[in-house]
Visitor: 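Sharing a structure below in structure tokens format, with a few things to ask.
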Amino acid sequence: MSFCIIHTSERLILPKNNYLYESENRRIRKPTLEADATKRREYSAAKGGKANRKYPIDEARDCPRGPAERRKRKKHKVKARFSVHFPRPGSVMLRLKSENLRSKLRRMPMLRALPPLAAGILLADHYVLPLWLLVGGFLVCGILALLADDRGANLATLGAILLFGMTVTELGHTPAPPTGTPGEYEIIVRERLSEREGKTASGTTIRALRNSETGEWLPAAGNLVVRCDSSTALNPGDRAVVRGKIYPFTARHGGYGRLMTRRGYVGTLYLNRSSLLLHDTLHREFSPRHLSLFLHERAVARLDRLALASDEQALCNAMTAGDRRSLSPALRAAYSRSGTSHLLAVSGLHVGIVFLLANLLLWWLPLFRHGHILRNIAVILLIWLYAATTGFPPSVVRAALMFSVLQFALASSSEYVGMNTLAGVAFVMLLFHPDYLFDISFQLSFIAVAGIIAWGLPLCRLLRTRRKSIDMLTATLAIGFSASAATAPLISHTFGQISVVGLALNPVVILLSYVVVGSCTLWLVIPGTALAPLFSDVAGFAAQAQNELIRAAASLPAAALDIRLTTTQCWIVYGLFIFATLLLWSTERKKSVSSLPE
């Protein structure tokens with residue numbers, strides 16, 4: 001297919017017969033050269049200007065011939081744009097305009113504010129500055145943003161956000177307890193991390209530590225991994241006083257140690273019956289976190305009543321309630337090798353299924369007076385109730401915030417800009433937890449959704465047909481491909497592996513996941529156990545089909561490639577992604593002149 005590059009000025013006007021066709025699909029009568037020259041002379045006389053005797057206007061070309069006139073015309077010339085024109089009827093003309101990019105970015109203020117905040121968190125992680133200096137710099141930048149002109153105000157605002165990110169990170173640093181020496185600690189159990197062969201690992205929060213010299217209890221902060229043997233068991237919400245040595249995470253722990261350190265864990269303490277001094281299971285604190293743990297345990301107990309096979313039950317618990325304790329190592333490895341491990345972690349896909357189910361089940365509320373308001377409030381409450389059931393992981397909090405904003409936009413008929421909402425959610429989460437920036441689950445979650453918004457949705461619109469069944473298939477393929485391609489560099493850099501079969505496997509597995517999560521979610525909200533056999537058959541069949549498909553794909557010889565990108569290579573790849581996205585946002589799609597009617 002041949003095409004040509006056309007360089008045009010402010011409006012594209014091509015002659016056709018006796019008319020000029022403009023980009024607005026209008027046509028005007030073509031003026032004669034003599035009439036145009038006469039109008040130019042009348043305009044010059046009205047402005048009081050003198051005719052240029054040395055370089056008169058060329059009547060044939062209708063343009064000034066002198067260098068002064070050419071320079072003046074070039075000075076006031078509108079910025080040009082380039083067009084890619086396919087010379088055939090019904091073709092599409094693509095124009096790259098910086099105005100399109102600026103207009104799109106003006107609609108996404110949170111996307112412009114997120115990079116300086118992230119840069120401030122990164123700088124505070126490497127350099128420690130006095131708090132008074134950060135606050136003073138923030139105030140100075142804020143004053144300059146109010147007094148300076150547009151460009152200076154923008155730069156001052158970016159500087160203020162960067163310093164604000166550094167300040168928030170510095171304020172979030174808490175003193176950690178000493179490691180390597182025996183001590184006594186008061187802890188609160190937050191969650192159960194793993195459970196294998198009777199041994200458990202729990203995530204706890206340190207409340208206080210005892211001074212070995214005076215015996216006085218001193219306040220402390222930080223998280224601690226407590227590994228218990230078969231003789232001791234700690235449940236979420238319990239308070240305990242333990243004695244032991246905290247072993248810090250070192251380089252030999254590899255990526256696991258770096259991940260736990262970023263999440264605020266100071267080390268690991270090994271606990272047995274003799275080192276457990278006090279175990280209080282009655283006086284539990286009431287907080288949103290403990291309410292979430294209570295709902296999570298109740299949801300897991302409710303799902304266990306389905307009495308499925310071990311792997312199918314583990315899959316349903318992981319995809320619906322976020323409980324991955326019973327997943328076998330072989331099943332985890334199969335999902336990781338096939339590139340579908342994101343299904344085991346509750347994220348936007350699972351919250352989206354709950355969002356659709358809630359809107360479908362409450363369709364009848366708008367039939368009553370003020371019913372649409374009640375339905376919107378009920379949908380948002382159900383979304384956050386589901387988020388609490390899963391334990392408020394970062395990916396679920398992000399998805400719950402985004403779908404809440406989407407529900408509000410649908411209710412108020414306001415504009416919903418997905419990328420701006422995503423950036424706003426990330427901005428708010430980083431303000432409260434700056435360490436999320438270094439969390440691999442946080443990074444993968446936001447990168448996947450950003451890839452879907454930036455590339456998946458435009459690809460769905462490009463492949464749209466008149467048949468809804470084909471559109472659903474192409475949309476699933478496009479969204480799965482965009483999310484996989486966006487997260488592939490980070491997965492390669494972190495885990496040293498890129499899945500090949502995942503691109504083709506994701507669409508089918510996502511359809512099965514709709515059945516698994518949808519049926520299990522309905523089972524959680526429907527009271528009683530009379531329908532247990534029905535839900536057990538539906539959820540068990542879908543979970544078994546999904547597991548068998550994942551195992552078959554993971555057993556292929558070329559299912560995954562062992563490729564590990566360096567940090568520099570990963571940044572280069574994502575830099576190219578960002579450049580291509582900005583290039584896509586600056587394009588303008590218009591019908592070509594050849595397709596216009598005469």
Visitor: Has the side chain of Arg207 got a donor or acceptor atom that lies under 3.5 Å from a matching backbone atom of Ala220?
Guide: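 No; judged by distance alone, with no hydrogens or angles, the pair does not exist.
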Visitor: So, do Leu385 and Leu295 sit near enough that their side-chain heavy atoms are less than 4.5 Å apart?
Guide: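 Side chain of Leu385 against side chain of Leu295, heavy atoms only: contact under 4.5 Å found.
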Visitor: side-chain hydrogen bond (donor to acceptor under 3.5 Å, both in side chains) between Asn223 and Arg190: does it pass, once the steps are laid out?
Guide: CA-CA 9 Å; Asn223 299 327; Arg190 297 172 53 198; 3.3 Å; yes
Visitor: Heavy atoms only: give me the nearest Ala485-Phe577 pair and the separation to one decimal.
Guide: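 So the two residues come closest at O-CE1, 3.6 Å.
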Visitor: With no hydrogens and no angle check, just 3.5 Å: does a side-chain donor-acceptor pair link Arg325 and Asn317?
Guide: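 There is no such pair (donor and acceptor under 3.5 Å, judged by atom type) between the side chains of Arg325 and Asn317.
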Visitor: Is there a donor-acceptor contact under 3.5 Å from the side chain of Ser499 to the main chain of Gly339?
Guide: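 Looks like yes, one N/O pair under 3.5 Å.
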Visitor: With a 4.5 Å heavy-atom cut-off, do Val516 and Cys316 have their side chains touching?
Guide: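 Yes, close enough: below the 4.5 Å cut-off.
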Visitor: When rounded to the nearest 0.5 angstrom, what is the spacing between SG in Cys460 and CD1 in Ile479?
Guide: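 Answer for the SG-CD1 pair, Cys460 versus Ile479, is 4.5 Å.
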Visitor: Looking only at non-hydrogen atoms, find the nearest pair between Leu437 and Gln443 and report the distance.
Guide: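 Looking at all heavy atoms of both residues, the closest pair is O-NE2, 2.8 Å.
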Visitor: Please say whether more than 12 non-hydrogen atoms of neighbouring residues, nucleotides or ligands are located less than 6.0 Å from CZ in Phe442.
Guide: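 More than 12 heavy atoms, drawn from other residues, nucleotides or ligands, come within 6.0 Å of this atom.
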Visitor: Check Ser513 against Ile353 and note the closest heavy-atom contact, atom names and distance.
Guide: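 Heavy atoms only, the tightest pair is O-CD1, 3.9 Å.
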Visitor: In sequence, state the C-alpha distance, the side-chain angles, and the governing distance for Thr421 and Met110, and then conclude on side-chain contact (heavy atoms from CB on, under 4.5 Å).
Guide: CA-CA 8 Å; Thr421 305; Met110 298 308 300; over 6 Å; no
Visitor: With the side chain counted from C-beta on, respond yes when Val397 and Met429 share a heavy-atom pair under 4.5 Å apart, and no when they do not.
Guide: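 Result yes, sub-4.5 Å side-chain heavy-atom pair found.
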Visitor: Could you give the distance from CG (Leu490) to SG (Cys570), rounded to the nearest 0.5 Å?
Guide: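 Leu490 CG to Cys570 SG: 5.5 Å, rounded to 0.5 Å.
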Visitor: Any chance you could measure Leu327, atom CG, to Arg332, atom CZ, to the nearest 0.5 Å?
Guide: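 Leu327 CG to Arg332 CZ: 5.0 Å, rounded to 0.5 Å.
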Visitor: Check the angle between the aromatic planes of Tyr436 and His433 and answer parallel, tilted or perpendicular using the 30° and 60° thresholds.
Guide: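 Correct class here is tilted.
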Visitor: Looking at Leu224, is its backbone amide N or carbonyl O close enough to the side chain of Tyr185 to form a donor-acceptor pair, meaning the two atoms are under 3.5 Å apart?
Guide: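 Pair absent, no side-chain N/O of Tyr185 close to backbone of Leu224.
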Visitor: Any side-chain heavy atom of Ile380 sitting closer than 4.5 Å to one from Trp384?
Guide: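 They are in contact (side-chain heavy atoms under 4.5 Å apart), so the answer is yes.
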Visitor: Is it true that a side-chain atom of Ser341 and a backbone atom of Ser336 form a donor plus acceptor pair closer than 3.5 Å?
Guide: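 Flag not set: sc Ser341 to bb Ser336 has no pair under 3.5 Å.
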Visitor: Within the 4.5 Å heavy-atom criterion, are Leu315 and Tyr335 side-chain neighbours or not?
Guide: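 With C-beta onward as the side chain, the pair touches.
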Visitor: Please confirm whether the backbone N or O of Thr389 pairs with a side-chain atom of His296, one donor and one acceptor, at under 3.5 Å?
Guide: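 Yes.
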Visitor: Any heavy-atom pair between the side chains of Phe446 and Leu422 that's under 4.5 Å?
Guide: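 A side-chain contact exists here, since the closest heavy-atom pair is under 4.5 Å.
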Visitor: More than 12 heavy atoms of other residues, nucleotides or ligands under 6.0 Å from CZ of Phe249: is that the case?
Guide: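 More than 12 heavy atoms, drawn from other residues, nucleotides or ligands, come within 6.0 Å of this atom.
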Visitor: Starting from the C-alpha separation in whole Å, work towards a yes-or-no answer on side-chain contact (heavy atoms from CB on, under 4.5 Å) for Leu444 and His342.
Guide: CA-CA 9 Å; Leu444 289 174; His342 60 278; over 6 Å; no
Visitor: So does Ile491 get a backbone contact from the side chain of Thr494, meaning a donor-acceptor N/O pair under 3.5 Å?
Guide: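 Side chain of Thr494 to backbone of Ile491, a donor-acceptor pair under 3.5 Å: no, none is there.
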Visitor: How about Leu349 and Tyr514: do any of their side-chain heavy atoms sit closer than 4.5 Å?
Guide: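 When only atoms from C-beta onward are counted, Tyr514 and Leu349 do touch, with a gap below 4.5 Å.
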Visitor: Would you kindly say whether Ser338 and Thr340 are connected by a side-chain donor-acceptor distance under 3.5 Å?
Guide: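 Per modelled atom types, Ser338 and Thr340 side chains form a pair under 3.5 Å.
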Visitor: Can you tell me how far CG of Leu163 sits from CG of Leu117, rounded to the nearest 0.5 angstrom?
Guide: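 Leu117 CG to Leu163 CG: 11.5 Å, rounded to 0.5 Å.
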Visitor: I need the minimum non-hydrogen distance between Val189 and Thr204, along with the two atoms involved.
Guide: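 Smallest heavy-atom distance, with atoms named: CA-CG2, 3.9 Å.
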Visitor: Do Leu584 and Trp455 have side-chain heavy atoms sitting under 4.5 Å apart?
Guide: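 Yes, side chains in contact.
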Visitor: If only atom types and distance count, is the side chain of His350 paired as donor or acceptor with the main-chain N or O of Leu343 below 3.5 Å?
Guide: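 Between the backbone of Leu343 and the side chain of His350 there is a qualifying donor-acceptor contact (under 3.5 Å).
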Visitor: Please list all pairs meeting side chain to side chain donor-acceptor pair (under 3.5 Å) that have one or both residues in residues 479-492, counting only residues at least two apart or in different chains.
Guide: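 Residue pairs passing side chain to side chain donor-acceptor pair (under 3.5 Å), neighbours aside: Ser484-Asn506.
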Visitor: If you measure from OH on Tyr386 to CZ on Phe403, what distance do you get to the nearest 0.5 Å?
Guide: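 Tyr386 OH to Phe403 CZ: 11.5 Å, rounded to 0.5 Å.
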Visitor: Around atom CZ of Arg324, are there more than 12 heavy atoms of other residues, nucleotides or ligands at under 6.0 Å?
Guide: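 Incorrect, the count does not exceed 12.
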Visitor: Please round to the nearest 0.5 Å and tell me the distance separating atom CG of Leu123 and atom CG of Leu129.
Guide: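 So the gap between those two atoms works out to 8.5 Å.
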Visitor: Tell me whether the count of non-hydrogen atoms from other residues, nucleotides or ligands lying under 6.0 Å of CZ in Arg298 goes above 12.
Guide: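 No, the 6.0 Å shell around CZ holds no more than 12 heavy atoms from other groups.
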Visitor: For side-chain contact (heavy atoms from CB on, under 4.5 Å), just list the numbers for Thr268 and Ile246, CA-CA rounded to whole Å, side-chain angles, deciding distance to a tenth of an Å, and then say yes or no.
Guide: CA-CA 5 Å; Thr268 304; Ile246 299 178; over 6 Å; no
Visitor: Look at the side chain of Glu170 and the backbone N and O of Thr167, then say whether any donor-acceptor pair between them is shorter than 3.5 Å.
Guide: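 No; judged by distance alone, with no hydrogens or angles, the pair does not exist.
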Visitor: When you measure from the side chain of Ser103 to the backbone N and O of Glu99, does any donor-acceptor pair fall under 3.5 Å?
Guide: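 No; judged by distance alone, with no hydrogens or angles, the pair does not exist.
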Visitor: Would you say the side-chain atoms of Asn376 pair up with the backbone N or O of His372, donor to acceptor, closer than 3.5 Å?
Guide: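 Yes, Asn376 side chain to His372 backbone: donor-acceptor pair under 3.5 Å.
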Visitor: Over all heavy atoms of both residues, which pair between Cys141 and Gly159 is shortest? Give the atoms and the distance, please.
Guide: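 Looks like SG-C, 4.1 Å.
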Visitor: Could you go through the side-chain contact (heavy atoms from CB on, under 4.5 Å) check for Trp585 and Asn100 one step at a time?
Guide: CA-CA 7 Å; Trp585 287 353; Asn100 292 341; over 6 Å; no
Visitor: Minimum heavy-atom separation for Thr320 to Thr390, with atom names?
Guide: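 In this case the closest contact between Thr320 and Thr390 is O-CG2, 3.8 Å.
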